[in-house]
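Scroll down for the structure; my scribbles are underneath it.
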Amino acid sequence: MKIGTKERLVTGMGLAAIGIIAAMLWWTYSEVEDANRQRRVASEIGRGLTELRLVTFEYHLYHNERARVQWDAVSDRVDRLIANAGFREPAQTEILAGLREKKAAGQHLFAELTRAHGANPADVPLDDVSRRFEAQLLGQLLTYQQENFTDAFRLTNLATERIIEAERRGMIVILAGLVLIASIIVGMSWFLRRAVLAPIAGLHQATRQVAAGNWDYVLGIRGDDEIGELSKNFDAMTKSLRQSFAQIERSNQELAALNEELRAFSYSVSHDLRGPLRSMDGFSLALLEDYGDKLDEEGKDALERIRAASQRMGYLIDDLL
């Protein structure tokens, strides 16, 4: 794997981890926002039910048309809140279902209460039976309203618990993300140290060994990246240098043998060739000294030429040596 590919792999892993953490945080934030919305809806339902209970008491006290109209308006508003609550948890949907049933029953009871009171003329007081019936209807209605208020409070508590749970999950996600990022950093550090830094340090040590004259040093880094190829080329270079130096050593040995032969040749030239030349020069000189008066000019010239040639041959041997 090439170093560039390793770098892209490490970068991709880091970005993927950051993306996963960001997605988890966004999901947690969405959960918190949705739970806050549910708590606001539950609180509005609770306020509506409280207002509906107050209007119920007002109607019971005064039995006026304004209270009845206000009761219907508040009841419709609470119905819309319940219909648009948007709760998805099983416990919440179960509570909402019971809330709708008790709310419908409460509407039916209030309708019965208004009919019972409307059937009686305004200036005629209610008899005991009508008062007991109205009190029974009012008691049942207030009971349903109290139960509805309790359900709304339970919805608020569930939403609050969901917020707390979402915030706890968010904290866990943050801590897990930090641990994941730390693990990725440690893994990246180990990976880079093993795959890049350690081979580079080995290559640096190899260059120092070779610079110190250790041509037998083998780097031996195996890999299919640029450092591995550099290691192979470095080992091939040192092997080639060893072979070159071995060839140079053999050439030096051959040169030393050749020098020995030249020394032997020089000795031969110095001793074996100079002897006859000295003899030629010496005997020519002896002839000139002993028999020079008996030789004519041509003989003397020949002897002089022999001496000059032998002496010139000696100079040539000196120059050759």
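Heavy atoms only: backbone and side chains are in, while hydrogens, waters and symmetry mates are out. The first residue in the sequence is number 1, and the count goes up from there.
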Name all residues meeting the salt bridge (Lys or Arg N to Asp or Glu O under 4.0 Å) criterion together with Arg40; count only those two or more places apart in sequence or in a different chain, and write none if there are none.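 Counting only residues at least two positions away or on another chain, Arg40 forms no salt bridge (Lys or Arg N to Asp or Glu O under 4.0 Å).
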
Tell me the closest heavy-atom pair linking [X] and [Y], and the distance in Å.
{"X": "Asp34", "Y": "Arg88", "value": "OD2-NH2, 2.8 Å"}
{"X": "Leu158", "Y": "Ala91", "value": "CD1-CB, 4.1 Å"}
{"X": "Ala152", "Y": "Ala42", "value": "O-CB, 4.0 Å"}
{"X": "Ile45", "Y": "Leu99", "value": "CG2-CD2, 4.1 Å"}
{"X": "Phe87", "Y": "Leu155", "value": "CE1-CD1, 3.6 Å"}
{"X": "Gly170", "Y": "Leu25", "value": "O-CD2, 4.2 Å"}

With the 4.5 Å side-chain cut-off for hydrophobic clustering, are [X] and [Y] part of the same group?
{"X": "Ile95", "Y": "Leu81", "result": "yes"}
{"X": "Leu255", "Y": "Leu262", "result": "no"}
{"X": "Phe133", "Y": "Tyr144", "result": "yes"}
{"X": "Leu180", "Y": "Trp190", "result": "yes"}

Atom [atom1] in [X], atom [atom2] in [Y]: separation rounded to 0.5 Å?
{"X": "Phe110", "Y": "Gln107", "atom1": "CZ", "atom2": "CD", "result": "10.5 Å"}
{"X": "Thr114", "Y": "Asp72", "atom1": "OG1", "atom2": "CG", "result": "8.0 Å"}
{"X": "Leu52", "Y": "Gln70", "atom1": "CG", "atom2": "CD", "result": "9.5 Å"}
{"X": "Ile306", "Y": "Leu285", "atom1": "CD1", "atom2": "CG", "result": "12.5 Å"}
{"X": "Arg154", "Y": "Glu161", "atom1": "CZ", "atom2": "CD", "result": "10.5 Å"}
{"X": "Leu287", "Y": "Glu304", "atom1": "CG", "atom2": "CD", "result": "11.5 Å"}

The test is side-chain contact (heavy atoms from CB on, under 4.5 Å); show your working for Ile21 and Ile181 and say whether it passes. CA-CA 9 Å; Ile21 294 171; Ile181 291 175; 3.8 Å; yes

Expected output: side-chain Ser43 to main-chain Arg39 donor-acceptor under 3.5 Å: yes

Any donor-acceptor pair under 3.5 Å linking the side chain of Asp301 with the backbone of Glu297? no

Name all pairs fulfilling the side-chain hydrogen bond (donor to acceptor under 3.5 Å, both in side chains) condition that reach into [range], sequence neighbours left out, sorted by first residue then second.
{"range": "residues 164-186", "value": "Glu165-Arg168"}
{"range": "residues 92-105", "value": "Gln38-Gln92, Ser75-Lys103, Asp79-Lys103, Lys102-Asp151"}
{"range": "residues 251-260", "value": "Glu260-Arg263"}
{"range": "residues 16-33", "value": "Glu31-Arg162"}

By ring-ring contact (aromatic ring centres under 6.0 Å, His included) - contacts of Phe283 (at least two apart): none

How about CD on Gln247, more than 12 heavy atoms from neighbouring residues, nucleotides or ligands closer than 6.0 Å, or not?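 Atom CD in Gln247 is packed in, count exceeds 12.
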
Kindly check if the number of other-residue, nucleotide or ligand heavy atoms within 6.0 Å of CZ (Arg305) is above 12?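 Check fails, neighbour count at 12 or below.
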
I'd like to know whether Arg77 forms a salt bridge (Lys or Arg N to Asp or Glu O under 4.0 Å) with Glu51, so could you lay out the CA-CA distance, the side-chain angles of the two residues, the decisive distance to 0.1 Å, and finally the verdict. CA-CA 11 Å; Arg77 179 159 58 86; Glu51 185 178 355; 2.6 Å; yes

Does any donor atom in the side chain of Gln136 or Arg132 lie under 3.5 Å from an acceptor atom in the other side chain?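 No pair is found: no donor N or O on one side chain lies under 3.5 Å from an acceptor on the other.
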
Answer yes or no: is there a side-chain heavy-atom contact under 4.5 Å between Thr56 and His60? no

